[in-house]
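Here's the structure we're looking at; comments come further down.
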Amino acid sequence: MVANANITACDGHLLKRLAEAGLIWLESNQEKVNQLNVFPVPDGDTGTNMYLTMRKAYEEIAQLDDAHVGNISSAIARGALMGARGNSGVILSQWWRGFAHALQEQPVFDARLFAHACKNAVETAYKGVVKPVEGTMLTVSRQAMEAVAERAQVETNLQSLFETKVEAAYASLRRTPELLPVLKDAGVVDSGGQGWTFIIEGMLRLLRGEDIHMRSVKAVAVQRPGWQDALVPEDEAGYGYDVQFLMKRQEKPFDVDAVRAAISEIGWSTLVVGDENLIKVHVHVHDPGVPISYAIRAGAALDDVVVENMQLQYVHYVEERHKREDTPVEGVAVVTVASGDGLRHLFAQELQAASVISGGQTMNPSTEDFLAAIERLPNDEIILLPNNPNVIMAAQQAAALAQDKQVRVVPSRTIPQGISAMFTYINSREELAHDALADEMNAAMTDVISCEVTTATRAASLNGVSVRAGQVIGLINDVLAVAGDDIQTVARDVLFKAGADKRELVTLYYGQDVTQAEAETLADRLRATFANQEFELVYGGQPLYQYIIGVE
Amino acid sequence: MTSKKIRFVTDSTCDLPAELVARWGIGVVPCFVNYGSASYADDGRELNRTTFYERLPEIRPHPTTAAPPPALAEQIIGEAARDADHVVIITAPAKLSAIHNTMRLAVESLDLQHRATLIDSGSVTIGLGWQVLAGAAEAERSGDVQRVVDVIHRIRPHVRVYAGLSTMEYLRRSGRVNWAKAGVGALLQIKPVIGVLDGEVPQVALVRTFARAVDKLIELARAEAPLDKLALLHANNVAGAQELKERLSDITPPDTMILSVTPVIGVHIGPESLGVAFVSDKWKQ
């Protein structure tokens, strides 16, 4: 607990604790933030995105012991930048970047410097967005900053400044529905603004000495596909170390059972065999020093000590797997995003995307995920194809950060748009230079209308459509269009609304929760309704969305 | 230099309308289409193209095409040689059809090597036909075999023939999927746009809808404007060809034609397909 009401300066140590408190308070409240999703669709989890961004930021300082507040804030900003996922995460990372930039030469900050850093943070966040929208995290952080700036004229106590900041943030947050009609219609406040406020509030709670549920930082449930699923370490701290050694008797004989019991307490996957003179120990731990110290204290002489870093082996393995899954291409390479084994295969094999990052609707990839793919590919010219509105900013941030490579973002918002863009890529990649190719791909996205069929996560009334939780809903180009009680009716209605009867080709990408037989039945019914259109059925394997539909 | 009487022989894949064949006295050796248990000559009598394309979707096994019997080629080349000093024979590409070789054998068997010139047009349909017409016009003007050969070689590189397919189905049926391959089309359906150039069939574009395939044909024609010659080709899709012509109305030369495409090509690309053939003005420079 800090609980010292008279703090007037913050050094690196305190900022580290503040960041941790902000992270933990956001984690405790991330579900509340997720619930603020404007659309009743099962994705775009702002709370999760901001939490993962903030967690990466904290990981960057977790091992740092530095009193210099400029160094700590720079490290936080670096982590946030790499971990940024979702548009809210990217804006948050820009906020930290501005905050850190203002403090980089400062060993500590006082009230005035804090106000200055907050101002710079907000300005940087605004610049990070092409068209800043009011009623979002930008507004909330700006109005909180303005209140702090005024208060810092007369107040030197940092806790008092944080109180002003949090109070102003909540006041601003409550006004967000007045600024953004879509929030008002949905009856919610802005989720990004709420997430940001939780971070600041967590910091205040630390300063006040209040409980912030200091429980361990736990992993969020992340839906991962295939081989990655089986491999992800269950333990949050990763795979840890594999430690093996021989305990040799020096004086008194060993009690094998006692040693086994003690080692089991220390780690997992334990194997302890031997006799009173010699014991072989094998154990997985996060800190290899612990079992070794134990053995020494137990009076043993150690031999054949082998320590292997399993986390590194895992990371290398994953890296290798990614490399093997990349598709080598000449010239301009495309890095895209898709969830579902069918869609990933489609992009990688059929459409020649060099790298397909898992994610999209369920899990927004981070800036770092894009950067890793960019760096891994041998190509110098790269196009990023995010296929989701909430992934576009992370892609743009990665494009800005990429070094020694030319990276363009073609801001596809849906899977069908991405596929349209890829057809242009296939047709024109040999004739067009990088920029011209990206422009053509961008233009090709208007060739297709994207529809999605999924299940509403909550009741809502949007765009004149009323939805009950659990109903089937249809979206056209990301906007709620129809609701109903069964998939077939909703699919038909959404296609009519999309004007499919005036188009030529309807492609149904069916998800992991739909059987092929069900999908074929739907396609047959739709063929009967839309007699002049061609229908094709493609296995997408995407989670949550029963159907993603391209109409062209 | 004495002016010679030169006559022309080609094959029925040239898609030349009957009145032009008559006007220039061109000998046309029919190619054959085999299906059911019979073989039909593509001579406008045995095989009606419209009827053929209407029936094509139901014909199983899929029809095949065949070069004419050498005797038939000999007869038509022989007739042309009887009242001419020299015969120029222009054919569909040797890489795509056996007709070129059949013509060569006919010339040898008639012992006409010294007064016959055999040319591989590298093209098909009216892309071949225009080479014949350009040669015939030069022959009438100068009566000089060398100048005839020169003019054909001059126009040839400017002749373009493209087709937009409404389906991949007929390429599959005829075993010519490689005309539109690139690893694409296994999972997502595609409408290929293909061309014929120097006897090769390059894939020009892979698009998702027939409407965009047609857009691509328009784009290809516009890229070469102003045009000296233009023809809209179709496999039983006159309405589609007329629409193509209207969309190109600002660049259509006066003698623009709408042609039903030879079944030798049609069996591969299938009914409903559309095509454009054109020659840029540049060839005359």
Side-chain angles (χ1 to χ4, degrees), chain A residues 327-329 338 340-353 415-432 440 443-449 500 502-510 523 532-541 548-552, chain B residues 57 160 162-172 177-195 197 200-224 237 239-240 243-244 247 269-274:
Chain A
T327 312
V329 297
D341 50 347
L343 291 176
R344 283 203 308 278
H345 178 79
L346 183 68
F347 275 105
Q349 301 305 315
E350 180 111 338
L351 299 172
Q352 299 163 25
I415 291 287
Q417 284 184 356
I419 289 168
S420 259
M422 286 310 288
F423 266 92
T424 297
Y425 171 75
I426 291 171
N427 283 321
S428 304
R429 49 181 292 214
E430 282 167 14
E431 296 138 41
L432 296 181
E440 286 278 307
M445 296 194 304
T446 56
D447 289 348
V448 69
I449 301 169
K502 294 170 207 74
R503 298 295 189 113
E504 191 180 322
L505 174 66
V506 177
T507 310
L508 304 169
Y509 304 93
Y510 61 99
N532 294 321
Q533 279 65 42
E534 270 185 81
F535 280 80
E536 65 176 335
L537 195 59
V538 178
Y539 169 66
I548 296 172
I549 308 174
V551 180
E552 52 199 312
Chain B
R160 296 279 184 281
Y162 297 106
L165 279 56
S166 67
T167 169
M168 288 274 288
E169 174 65 17
Y170 294 88
L171 290 184
R172 283 196 194 99
V177 181
N178 61 337
W179 284 5
K181 74 157 189 235
V184 182
L187 295 169
L188 292 175
Q189 70 157 7
I190 53 162
K191 315 286 189 190
V193 177
I194 59 178
L197 198 68
E200 306 283 349
V201 185
Q203 166 194 294
V204 177
L206 295 173
V207 295
R208 293 276 282 149
T209 62
F210 189 52
R212 278 206 284 284
V214 172
D215 290 347
K216 184 73 195 177
L217 295 179
I218 301 260
E219 185 191 318
L220 288 162
R222 288 196 178 282
E224 294 295 319
N237 186 359
E243 200 189 317
L244 258 179
R247 289 179 65 185
I269 65 176
E272 305 300 320
S273 294
L274 291 171

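So you know, we letter chains A, B, ... as the sequences are listed, proteins then strands, and number each from 1.
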Query raised in the report: Please walk me through it: do A:Q349 and B:L187 pass side chain to side chain contact (heavy atoms under 4.5 Å, CB included)?
Result: CA-CA 10 Å; A:Q349 301 305 315; B:L187 295 169; 5.8 Å; no
Report summary line: What one should report as the nearest heavy-atom pair of B:R208 and A:T507 is NH2-OG1, 2.7 Å
Report summary line: In B:V193, B:V204, B:L206, the residue satisfying side chain to side chain contact (heavy atoms under 4.5 Å, CB included) with A:N427 is B:L206
Report summary line: Contacts of B:R160 meeting side-chain hydrogen bond (donor to acceptor under 3.5 Å, both in side chains) (sequence neighbours excluded), chain-then-number -> none
Validation: residues 162-169 of chain B side-chain donor-acceptor distances under 3.5 Å, sequence neighbours left out:
residue	atom	partner	partner atom	Å
B:S166	OG	B:P271	O	3.4
B:T167	OG1	B:E169	N	2.9
B:E169	OE2	B:R173	NE	2.9

Query raised in the report: For A:L537, is it the side chain, the backbone, both or neither that has a heavy atom under 4.5 Å from a heavy atom of chain B?
Result: neither
Query - B:Q189 backbone acceptor or donor facing A:E536 side chain under 3.5 Å - result: yes
Query raised in the report: Just by distance, do the side chain of A:E504 and the backbone of B:T209 share a donor-acceptor pair under 3.5 Å?
Result: no
Query raised in the report: At a heavy-atom separation under 4.5 Å, does B:K191 approach chain A through its side chain, its backbone, both, or neither?
Result: side chain
